[in-house]
Amino acid sequence: QVQLVESGGGLVQTGGSLRLSCAASGQFNIYAVGWFRQAPGKEREFVAGINWSGASTYYADSVKGRFTISRDNTKSPVYLQMNSLRPEDTAVYYCAGRFNYYSDAIGQSQTNYAYWGQGTQVTVSS
């Protein structure tokens, strides 16, 4: 059984930065990650994704140029560096994983991911 654990959320002022971390545990070879977020009263939306090697990434238009997804190696935690944060970035952020999936394609749908973390709250004050 594999698990994903997020960390790094918190409260920050507009224009500030946070770095979220998604760590996987259990038996697996490689994993791809998608970050999603859900604001109160809104549907969960895709934020950014990275493939198993780190060679391929993809971002939602709303965060492009402000957020960076990265990883050091195929089994390392995946990070989401969030800069120039805005109040509209306030949400619960979820890490989602596709394990043993060897592809450069980045899944943008929740149905692409079978495993989910518990979520971490990010609040940006104005």
Side-chain angles (χ1 to χ4, degrees):
Q1 185 72 5
V2 293
Q3 286 187 315
L4 294 167
V5 177
E6 304 104 332
S7 61
L11 172 64
V12 66
Q13 290 186 330
T14 297
S17 298
L18 283 174
R19 189 176 81 155
L20 305 184
S21 175
C22 172
S25 62
Q27 299 258 340
F28 62 93
N29 293 321
I30 53 93
Y31 71 115
V33 167
W35 281 99
F36 292 77
R37 66 186 181 187
Q38 187 166 20
K42 294 189 176 181
E43 293 190 354
R44 193 172 297 188
E45 64 176 0
F46 173 81
V47 175
I50 190 167
N51 79 323
W52 65 277
S53 67
S56 180
T57 60
Y58 192 81
Y59 299 91
D61 287 343
S62 59
V63 306
K64 204 171 293 183
R66 300 187 298 123
F67 291 12
T68 303
I69 191 170
S70 65
R71 69 190 312 160
D72 293 327
N73 58 60
T74 58
K75 290 197 174 185
S76 70
V78 171
Y79 303 101
L80 185 67
Q81 178 67 42
M82 306 186 296
N83 298 328
S84 301
L85 282 162
R86 306 166 179 167
E88 54 263 40
D89 295 316
T90 295
V92 177
Y93 282 70
Y94 296 92
C95 165
R98 302 175 84 170
F99 288 85
N100 301 323
Y101 180 74
Y102 291 88
S103 171
D104 289 340
I106 304 297
Q108 299 171 51
S109 170
Q110 294 181 60
T111 59
N112 294 139
Y113 300 91
Y115 297 90
W116 292 78
Q118 79 285 357
T120 185
Q121 176 70 47
V122 171
T123 303
V124 185
S125 64
S126 57

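Residue numbers count from 1 along this sequence.
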Out of curiosity, does Tyr58 fall in the hydrophobic cluster containing Tyr94 (side-chain heavy atoms, cut-off under 4.5 Å, transitive links)? yes
Give the table of side-chain donor-acceptor pairs shorter than 3.5 Å for residues 14-27, with sequence neighbours excluded, one pair per line with atom names and distance.
residue	atom	partner	partner atom	Å
Thr14	OG1	Ser125	O	2.8
Ser17	OG	Asn83	OD1	2.9

Same apolar cluster (I L V M F W Y, side chains within < 4.5 Å links), Tyr101/Ile50: no
Decide yes or no for Ile69 and Val78: does some side-chain heavy atom of the first lie under 4.5 Å from some side-chain heavy atom of the second? yes
Working to the nearest 0.5 Å, report the span between OG of Ser109 and CZ of Arg44. 11.5 Å
Check the orientation of Tyr93 and Phe67. Use parallel for under 30°, tilted for 30 to 60°, and perpendicular for over 60°. tilted
Would you find a donor on one side and an acceptor on the other, under 3.5 Å apart, between the side chain of Glu6 and the backbone of Cys95? yes
Sequence neighbours excluded - salt bridge (charged side-chain N to carboxylate O under 4.0 Å, His left out) pairs with any residue from residues 102-116: none
If Ile, Leu, Val, Met, Phe, Trp and Tyr residues are connected whenever their side-chain heavy atoms lie under 4.5 Å apart, and connections chain through other members, are Tyr115 and Phe46 in the same group? no
Could you tell me which non-hydrogen atom of Asn73 sits nearest to which non-hydrogen atom of Ser76, and how far apart they are? OD1-N, 2.8 Å
Check whether Met82 and Val92 end up in the same hydrophobic cluster, where Ile, Leu, Val, Met, Phe, Trp and Tyr are linked by side-chain heavy atoms less than 4.5 Å apart. no
Within 6.0 Å of CD in Gln3, more than 12 heavy atoms from elsewhere: no
Looking only at heavy atoms, what is the nearest atom pair of Gln121 and Thr90, with distance? NE2-CG2, 4.0 Å
Cluster link Tyr59 to Leu85, ILVMFWY, side chain under 4.5 Å: yes
Under 4.5 Å side-chain linkage, directly or through intermediates, the cluster mates of Trp52: Ile30, Tyr102
With sequence neighbours excluded, tell me which residues meet ring-ring contact (aromatic ring centres under 6.0 Å, His included) with Tyr113. Phe36
Do the non-hydrogen side-chain atoms of Val63 and Arg37 ever get within less than 4.5 Å of each other? yes
Checking Arg71 against Tyr31: charged group under 6.0 Å from the ring centre and within 45 degrees of the axis? yes
If the condition is salt bridge (charged side-chain N to carboxylate O under 4.0 Å, His left out), which residues does Lys42 pass it with, not counting sequence neighbours? none
Cluster partners of Val5, using ILVMFWY side-chain heavy atoms under 4.5 angstrom, listed by chain and number? none
Could you tell me if Ser70 and Thr68 have a donor-acceptor pair between their side chains, going purely by distance under 3.5 Å? no
Does the salt bridge (charged side-chain N to carboxylate O under 4.0 Å, His left out) test come out yes or no for Arg86 and Asp89, once each step is laid out? CA-CA 5 Å; Arg86 306 166 179 167; Asp89 295 316; 5.3 Å; no
Check for a donor-acceptor pair, side chain of Asn100 on one end and backbone N or O of Asn29 on the other, with a separation under 3.5 Å. yes
